[in-house]
Amino acid sequence: MSALPMVVPEPGLPTKVTIYEVGPRDGLQNEKTSVPTPVKAEFVQRLLQAGLPIVEATSFVHPKWVPQLADAAELMTGLTADLGDRARELPVLVPNERGLDRAVELGMRHVAVFASATETFAEKNLNRTLESQFEMFAPTVARAVAQGMDVRGYVSMCFGDPWEGAVPVDQVVAVGKRLLDLGVGQLSLGDTIGVATAGHVRALVQAFVAAGVPTDRLALHFHDTYGQALTNVHAGLQEGVTTYDASAGGLGGCPYAKSATGNLATEDLVWFLTGLGIEHGVDLAAVVGTSTWMAGQLGRPSPSAVVRALGSAG
Ligand code: HMG
Ligand code: MG
């Protein structure tokens, strides 16, 4: 079997897409045991070598909340020693000013804050109310922007919430717009528990556009709980969105949303985009090799269909 699909473009879709790799952060934050720092560093470097243009490396969150990423400073210091300025370009999550201080100390230039579209998840993930999360983000984003940093804003639970059920589209747009008003450059709309379906994706993107937010300010972040992630990417492409988050090998979840399973696998996304003739710049065999190696480190096979189909030696 060929290691790449036959290329048959579909008219009307974007010709180029940016894959925003979140495996080292969204993937490893959810592992039961902490992955050794040198393994994380090798993971990040292998993903960069595979051509992934953006690799979100870690989180400067409270180490008691996410012990799996408590080595964030050590990881970034090691990566900076190996990669120099390239390491400082890797985005990291910062929930608050304390997180920003820690990132700034290491010279990081790209940070991401993460908001909730729902009251319950704001409390569970951030220990804040839906309203008071913005009091935490406002000074964080303002200071980062004032220092010339690039700030991404995640919105979680955009398509459904395990405690509250359906999440109204208008509520998601309101949270996203408030982040943009604070100075966030790009919004990543998260289907944290993987319940989105294609029509819902199109409706949410259309609602943002109707509210004056162009698709080039949007990214889509799918988890594959119900096997809908690629269908949802297709829906996003039909609406003109050109940035998609993905996690090598389909690692991932959220420690504060038990029903969140793995992210859309980078390999599955690369296979899909390649078949459509959409430019992405990623070497599929190299990512599969990286995920196969990481599966060996974690002691279990990757859930990605493409890794299972193509993977052999790491
Ligand atoms: P809190 O307990 O309310 O914090 O947690 P606080 O502001 O009250 O501070 C308490 C103490 O923590 C203070 O220390 C702070 O200095 C310290 P003390 O003065 O008592 O000695 N502290 C920190 N230390 C290190 N780094 C920090 C930090 N902040 C405070 N950054 C907080 C609030 C936001 C910190 C906490 O709730 C937290 O860390 N949450 C992170 C949860 C998380 O990382 N979740 C996963 C990422 S989100 C996700 O996965 C979804 C996404 O993938 C998209 C999708 O799928 O939807 C992005
Ligand atoms: Mg996520």
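The model shown is predicted, which means the values in this text are computed figures rather than measured ones. Ligands are counted one by one from 1 in listed order, and the atoms in each one are counted from 1 as well.
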*Would you indicate whether the side-chain heavy atoms of Thr243 and Gln186 approach each other to under 4.5 Å?*
yes
*Under a 4.0 Å heavy-atom limit, does Pro95 contact ligand 1 with its side chain, its backbone, both, or neither?*
side chain
Could you tell me, atom by atom, which parts of ligand 1 come under 4.0 Å of a heavy atom of [X]?
| X | answer |
| --- | --- |
| Asp26 | 50 (O), 53 (O) |
| Arg128 | 3 (O), 7 (O) |
| Pro63 | 25 (C) |
| Val66 | 43 (C), 44 (O) |
| Gln29 | 46 (C), 47 (C), 49 (C), 50 (O) |
| His223 | 56 (O) |
| Phe114 | 41 (C), 43 (C), 44 (O), 47 (C), 48 (S) |
| Asn125 | 37 (O), 40 (N), 41 (C), 42 (C), 43 (C), 45 (N), 46 (C), 48 (S) |

_Angle in degrees, rounded to 10°, that OD2 of Asp26 and NE2 of His221 form at the Mg ion (ligand 2)_ = 90°
*Using the ring pair (Phe, Tyr, Trp, His ring centres under 6.0 Å) rule, collect all pairs that involve residues 172-201, keeping only residues at least two apart or in two chains.*
Phe159-His200
*Could you note down all residue pairs passing ring pair (Phe, Tyr, Trp, His ring centres under 6.0 Å) where residues 29-52 supplies at least one of them, sequence neighbours left out?*
none
Any idea which of [options] brings a heavy atom closest to [atom]?
| atom | options | value |
| --- | --- | --- |
| atom 22 (N) of ligand 1 | Arg25, His62, Glu56, Met157 | His62 |
| atom 54 (C) of ligand 1 | Ala112, Ser156, Gly190 | Ser156 |
| atom 24 (N) of ligand 1 | Lys124, Arg152, His221, Arg98 | Arg98 |

Backbone of [Y] reached by a side-chain donor or acceptor of [X] within 3.5 Å:
| X | Y | answer |
| --- | --- | --- |
| Arg25 | Leu69 | no |
| His280 | Val282 | yes |
| Glu21 | Ala248 | yes |

*Between Gln133 and Ser116, do the side chains contain an N or O donor and an N or O acceptor separated by less than 3.5 Å?*
no
N/O separation below 3.5 Å, [X] to ligand 1:
| X | result |
| --- | --- |
| Asp191 | no |
| Arg102 | yes |
| Phe60 | yes |

*asked:* Can you tell me how far apart CZ (Arg128) and CZ (Phe121) are? Round to the nearest 0.5 Å.
replied: 14.5 Å
*asked:* Working to the nearest 0.5 angstrom, can you tell me the gap between Glu135 CD and Thr129 OG1?
replied: 7.0 Å
*Would you mind checking if Arg152 and Asp245 are paired as a salt bridge, meaning a charged N to carboxylate O distance below 4.0 Å?*
yes
